[in-house]
Amino acid sequence: MAVTSAFLTKVKTALRVSYNNLDSQITDLIEEAILDLTATADIKPFTTSDADAMQTGAVIAYVSYKWFNEDKFFVSYNDMKTKMALSGKYRSVMLDEE
């Protein structure tokens with residue numbers, strides 16, 4: 001999955017990081033966040049080029065938690081993940097074909 005430069009810039013701004021030598025670490029955390037959202041909360045896969053404000057906020061909260069190791073960001077991430085999982089807009093539709 002490719003992280004757009006615009007999305008990377010948003011996350012770096014939230015982290016207050018200006019050094020480009022950290023881009024690969026931050027990109028890895030962004031990809032990890034998206035994978036966590038789609039794997040653990042049954043949320044539709046999305047890309048950084050089509051992420052809306054809720055998806056962006058969830059990714060930023062996850063990356064902030066990993067970056068700063070502060071629980072307040074993890075609480076925020078889990079809150080947004082729960083809201084997304086309960087919303088028909090974000091939830092993957094699983095059909096029971098039995």
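All values reported here derive from a predicted model rather than from experimental measurement.
- Few gaps surround NZ on Lys12; more than 12 heavy atoms of other groups in view lie less than 6.0 Å from it.
- At least one donor-acceptor pair under 3.5 Å links the side chain of Arg91 to the backbone N or O of Leu86.
- When all heavy atoms of Gln55 and Asp50 are compared, the closest pair comes out as OE1-O, 3.8 Å.
- Between Leu8 and Thr4, every side-chain heavy-atom pair lies at or beyond the 4.5 Å cut-off.
- Here the shortest heavy-atom pairing between Ala58 and Met80 reads N-SD, 3.5 Å.
- Here the OG1 atom belonging to Thr48 is positioned 6.0 Å from the CD1 atom belonging to Ile34, to the nearest 0.5 angstrom.
- No side-chain donor from either of Asp71 and Tyr65 sits under 3.5 Å from a side-chain acceptor of the other.
- Here the shortest heavy-atom pairing between Lys66 and Leu29 reads CB-CD2, 3.8 Å.
- Summarising the geometry of Tyr77 relative to Ala33, their closest heavy-atom pair is OH-O, 4.0 Å, with the distance given to 0.1 Å.
- Thr40 and Asp36 make their closest contact through OG1-O, 2.6 Å (heavy atoms, listed as atom of the first residue, atom of the second, distance).
- No side-chain donor from either of Lys72 and Ser64 sits under 3.5 Å from a side-chain acceptor of the other.
- The closest donor-acceptor contact from the side chain of Glu31 to the backbone of Asp28 lies at 3.5 Å or more, if one exists at all.
- In terms of modelled atom types and a separation under 3.5 Å, the side chain of Asn78 and the main chain of Val75 share no donor-acceptor contact.
- Taken from CZ in Phe68 to CG in Leu15, the straight-line distance is 5.0 Å, to the nearest 0.5 Å.
- Summarising the geometry, atom CZ belonging to Phe46 is positioned 5.5 Å from atom CE belonging to Met84; distances are rounded to the nearest 0.5 Å.
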Side chain to side chain contact (heavy atoms under 4.5 Å, CB included) assessment of Trp67 paired with Val17: CA-CA 11 Å; Trp67 195 260; Val17 171; 4.0 Å; yes
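- Screening Asp52, Asp42, Thr38 against Tyr90 for a side chain to side chain donor-acceptor pair (under 3.5 Å) leaves a single residue, Asp52.
- Ser76 and Asp79 share no side-chain donor-acceptor pair at under 3.5 Å.
- Nearest approach of Phe7 to Ala51, heavy atoms of both residues: CE1-CB, 3.9 Å.
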